[in-house]
Amino acid sequence: MAEDCLVVTVDGPSGSGKGTLARLLAERLGFHWLDSGALYRVLALAALRRGLSLEDEAGLARLARGLDVRFEASGAGEPRVFLDGEDVTADLRTERCGAAASRVAALPAVRRALLDRQRAFCRPPGLVADGRDMGTVVFPEAPVKIFLDADLEERARRRYKQLKEQGIDANLRGLLDELAKRDERDRSRPVAPLRPAPDATVLDSTRMSIDEVLERALELVSRVQPQPR
Ligand code: DC
């Protein structure tokens with residue numbers, strides 16, 4: 001890890017708010033942001049479009065290595081994501097894509113293929129990386145590690161609201177089942193399972209506002225690097 005790049009990792013289950021926290025943290029700190037889930041989602045989308053089996057580990061790893069993916073900052077919102085030059089940001093947020101991402105993410109060769117790509121996001125002055133294994137596998141040396149959790153029902157409600165706001169049709173019961181299934185797969189896979197790093201600070205955001213979570217996170221960062229606030 002580059003010495004002049006301070007890494008803050010934010011891991012947690014789907015809908016815990018880690019994406020929102022990572023984006024706001026990166027903004028406040030003037031750091032880069034890696035949404036690693038988007039990489040798995042882009043890979044899943046590319047595989048679905050090519051009709052590649054989600055069990056074809058070697059084929060998926062090859063696809064992952066050659067993936068033409070680009071992130072483009074879009075003001076204060078989430079960055080736009082381009083696959084083969086096409087803006088696929090909206091396609092990535094569907095539950096179909098999330099479920100497929102969770103399946104391809106369970107394959108060890110796929111995870112290895114995406115490792116260097118993720119580490120390359122580390123550039124001065126720093127990086128906020130969110131995902132499932134940022135603190136355990138991708139950036140194990142990161143000085144600040146956060147594991148953000150929340151009750152399943154609350155996470156499903158948040159995801160429902162988020163999808164509705166984006167104009168995507170959603171069903172709360174279906175989302176809850178999908179999230180539970182996805183979490184189970186992410187937690188129980190043998191490679192890089194979703195779990196807090198031993199040196200991570202676990203925050204339960206069920207009854208916390210995003211501002212409270214952000215303040216706690218900034219406090220943790222300021223312990224290793226005092227920031228102008
Ligand atoms: O964070 P997300 O919902 O966009 O992630 C989509 C899927 O990708 C998730 O179910 C598990 C997988 N993933 C992973 O295995 N490791 C990461 N670092 C990020 C995401």
Side-chain angles (χ1 to χ4, degrees), residues 7-23 33-48 54 57 60-61 63-64 67 69 71 78-81 83 88-122 127-140 142 145-150 152 155-156 158-163 166 168 170 175-197 200 205:
V7 180
V8 179
T9 62
V10 183
D11 288 305
S14 321
S16 58
K18 63 187 184 324
T20 307
L21 172 63
R23 178 169 57 77
W33 174 29
L34 164 63
D35 170 6
S36 62
L39 281 178
Y40 288 96
R41 284 174 185 260
V42 173
L43 175 63
L45 182 67
L48 291 171
L54 298 182
E57 186 165 0
L60 288 163
L63 184 60
L67 211 56
V69 52
F71 291 84
E78 287 190 29
R80 314 293 309 170
V81 188
L83 168 63
V88 292
T89 317
D91 306 71
L92 297 188
R93 299 270 56 107
T94 61
E95 276 312 299
R96 176 170 178 254
C97 205
S102 169
R103 288 180 59 192
V104 301
L107 305 170
V110 166
R111 304 199 71 87
R112 275 196 303 277
L114 289 178
L115 209 50
D116 288 343
R117 206 184 267 265
Q118 294 175 83
R119 289 183 177 148
F121 277 79
C122 196
L127 175 72
V128 182
D130 82 76
R132 305 293 187 292
D133 62 341
M134 297 296 101
T136 50
V137 176
V138 183
F139 300 108
K145 295 180 184 177
I146 296 166
F147 189 91
L148 197 59
D149 211 344
L152 176 65
R155 291 190 284 115
R158 288 178 191 169
R159 185 50 65 91
Y160 178 78
K161 200 165 152 254
Q162 197 181 37
L163 290 171
Q166 291 166 352
I168 299 173
L175 269 181
L176 204 133
D177 291 345
E178 231 354 283
L179 280 190
K181 237 192 281 165
R182 192 135 69 88
D183 283 354
E184 178 50 28
R185 187 162 38 218
D186 294 343
R187 284 184 213 274
S188 62
R189 67 182 174 218
V191 276
L194 169 66
R195 75 158 78 104
S205 74

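Heavy-atom basis, side chains included; hydrogens, waters and symmetry copies ignored. Counting starts at 1 for both ligands and their atoms, following the listed order.
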Should Gln118 be counted as touching ligand 1, given the test is an N or O pair under 3.5 Å? no
How does Arg103 reach ligand 1, by side chain, by backbone, by both or by neither, if only non-hydrogen atoms under 4.0 Å count? neither
Give yes if a backbone or side-chain nitrogen or oxygen of Arg41 is under 3.5 Å from a nitrogen or oxygen of ligand 1, and no if not. yes
For Asp186, take its heavy atoms, then give the atoms of ligand 1 lying under 4.0 Å from any of them. 9 (C), 10 (O), 11 (C)
Tell me the contacting part of Met134 for ligand 1: side chain, backbone, both, or neither, using a 4.0 Å heavy-atom threshold, strictly below. side chain
Would you mind checking if Lys181 and Glu178 are paired as a salt bridge, meaning a charged N to carboxylate O distance below 4.0 Å? yes
Quick check: does Arg182 get an N/O under 3.5 Å from an N/O on ligand 1? yes
Examine Arg159 against ligand 1 and note whether any of their N/O atoms are separated by less than 3.5 Å. no
Might you point out which heavy atoms bring Leu60 and Leu43 nearest each other, and give the distance in Å? O-CD1, 3.8 Å
For ligand 1 and Arg189, I'd like to know whether there is a polar contact (N/O to N/O, distance under 3.5 Å). yes
What atoms of ligand 1 come closer than 4.0 angstrom to any heavy atom of Arg93? 4 (O)
Using side-chain contact (heavy atoms from CB on, under 4.5 Å) as the criterion, list what pairs up with Pro79, not counting sequence neighbours. Trp33
Of all residues at least two apart in sequence or in a different chain, which pass the side-chain contact (heavy atoms from CB on, under 4.5 Å) check with Pro196? Phe147, Ala200, Val202
